[in-house]
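In the text below, chain A, chain B and the rest are named by the order of the sequence lines, each starting its count at 1. Given the structure is predicted, the values throughout are model-derived calculations rather than measurements.
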Protein chains: 2
Amino acid sequence: MTTRGEMWQAEILRLLRQNHAPVKAYQVLATLRKIHGKLAPTTIYRALSALQERGRVHRVESLNAFIACQSRRDKQPSILSICNECGSVEESVAPDLLNDLSNVIGETGFSPKRHVVEVHGTCASCNSRKAQA
Amino acid sequence: MTTRGEMWQAEILRLLRQNHAPVKAYQVLATLRKIHGKLAPTTIYRALSALQERGRVHRVESLNAFIACQSRRDKQPSILSICNECGSVEESVAPDLLNDLSNVIGETGFSPKRHVVEVHGTCASCNSRKAQA
DNA sequence: AGAAGTAATGTTATATAGTAACTAAATCTG
DNA sequence: CAGATTTAGTTACTATATAACATTACTTCT
Ligand SMILES: [Zn+2]
Ligand SMILES: [Zn+2]
Ligand SMILES: [Zn+2]
Ligand SMILES: [Zn+2]
């Protein structure tokens with residue numbers, strides 16, 4: 001039952017899951033080209049869009065990059081913590097917080113549809129590593 | 001006492017303030033080229049970076065675009081509400097919320113340095129316009 | 001003031017990111 | 001199967017951003 005393009009999706013998802021850091025579209029492209037030869041950006045972007053719609057992959061807006069969804073529950077809007085030192089990204093789910101957020105900006109009559117919450121900083125392991133030195 | 005580049009900054013800031021919607025770097029470039037002739041992207045990007053450091057301009061990460069800061073207090077981290085219909089952007093300040101956010105992701109030992117909070121949806125005026133129809 | 005050093009700006013070229021428009025193939029419908 | 005429709009491949013292009021180097025303007029010291 002796998003339609004044609006789902007193979008790209010599966011392969012890209014596997015690739016993203018191997019990295020804990022976000023991967024750029026053109027990195028994906030380069031990797032897949034090594035295996036499959038000629039391949040157009042369009043193919044990658046289409047697969048990435050489909051993966052996003054299915055909630056398997058998130059786009060990291062502040063990095064123009066992509067990461068595999070780490071949460072179990074699909075399509076749950078998520079919060080990304082991005083380490084500036086090692087590049088790792090952690091995904092957290094905090095419905096209450098996003099709710100508060102919706103309320104705050106809803107005060108002026110704005111109806112939220114999509115939340116982008118990304119926090120840059122230093123992750124726990126980089127923090128402790130730096131505490132050593 | 002105005003160094004050369006500060007003129008670009010002033011001019012770009014004026015331009016951004018005329019638009020309530022975010023402006024792309026290359027739109028800025030095109031506009032300034034009409035007035036000043038030949039001009040390189042670098043010039044625009046350098047001025048935009050300086051403006052961001054000074055807290056006069058925010059980059060809208062999810063749009064690759066820029067907007068003049070609408071808040072009085074400089075450098076206050078801000079929340080952007082972006083209307084999908086009309087493109088307008090509203091800036092809100094909610095220190096408590098960002099504090100909560102820091103706490104949530106801080107639970108795992110992450111130290112936040114920079115917050116990106118952008119909400120896409122429909123603004124009040126677009127909502128009421130659509131309620132008519 | 002003049003020379004030498006430093007920092008800011010200008011210039012050229014290129015890297016990186018993303019999409020439009022069209023073609024070809026597969027799948028569906030009757 | 002014929003024809004319509006959706007899906008994927010291909011080509012070419014547009015948009016976004018930065019690197020590397022050249023030039024100019026400021027600073028500092030003599
Ligand atoms: Zn997720
Ligand atoms: Zn880290
Ligand atoms: Zn602001
Ligand atoms: Zn609107």
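In the set C/dT11, D/dG9, C/dG18, D/dG9 carries the atom at the smallest distance from any side-chain atom of A/W8. Residue B/A40 has its side chain nearest to C/dT11 when only C/dT11, C/dG18, D/dT11 are considered. Among C/dG18, D/dG9, C/dT11, the nucleotide with an atom closest to any side-chain atom of A/R59 is C/dG18.
Straight-line distance from the CG atom of B/L39 to the C1' atom of C/dT12: 14 Å, rounded to whole Å. Remark: P of C/dT9 and CD1 of B/I12 are 12 Å apart, rounded to the nearest angstrom. The nearest whole Å value for the distance from the CG atom in B/L29 to the P atom in D/dT18 is 14 Å. Protein atom CG of A/N64 is 10 Å distant from nucleotide atom C1' of C/dG18, rounded to whole Å. Taking atom CG of residue B/L63 and atom P of nucleotide D/dA17, one finds them 11 Å apart after rounding to whole Å. Nucleotide D/dA17 holds its P atom 9 Å from the CG atom of B/L48, rounded to whole Å. Between A/I44 atom CD1 and C/dT19 atom P there is a gap of 14 Å when expressed in whole angstrom units. Protein atom CD of B/E6 is 12 Å distant from nucleotide atom P of C/dG10, rounded to whole Å.
In the helix from C/dA1-D/dT30 to C/dG30-D/dC1, the rotation axis of the first five pairs and that of the last five pairs differ in direction by 30°, rounded to 10 degrees.
Take A/S102 and apply the side chain to side chain contact (heavy atoms under 4.5 Å, CB included) test, not counting sequence neighbours, and it matches A/P112, A/H115.
A donor-acceptor pair under 3.5 Å is absent between the side-chain atoms of A/E85 and the main chain of A/C126, judged by distance alone. For the pair A/K24 (side chain) and A/L29 (backbone), a donor-acceptor distance under 3.5 Å is absent.
In this structure, A/K24 reaches the C/dA17 phosphate: one of its side-chain N or O atoms is under 4.0 Å from OP1 or OP2. One finds a side-chain N or O of B/K38 lying less than 4.0 angstrom from the OP1 or OP2 phosphate oxygen of C/dT12.
Not a single donor-acceptor pair, N or O on each side, falls under 3.5 Å between the base of D/dA8 and the side chain of A/T42.
Residue side chain B/Y26 meets the stacking definition with respect to D/dT16: its ring centre sits within less than 5.5 angstrom of the base's six-membered ring centre, and the planes differ by less than 30 degrees.
Along DNA chain C, the nucleotide nearest A/Q27 and the nucleotide nearest A/R46 are compared for position; the residue whose nucleotide lies closer to the 5' end is A/Q27.
Contact check for A/V28 versus A/F66: no side-chain heavy atoms found under the 4.5 Å cut-off.
Side-chain contact check for B/Q9 and B/R54: at least one donor-acceptor pair (N or O, by modelled atom type) lies under 3.5 Å. Defined by atom type and a distance below 3.5 Å, a donor-acceptor pair is present between the side-chain atoms of B/E118 and B/S62.
A side-chain hydrogen bond (donor to acceptor under 3.5 Å, both in side chains) with A/S111 is found for one member of B/N84, B/N127, B/T122 and no other, namely B/N127.
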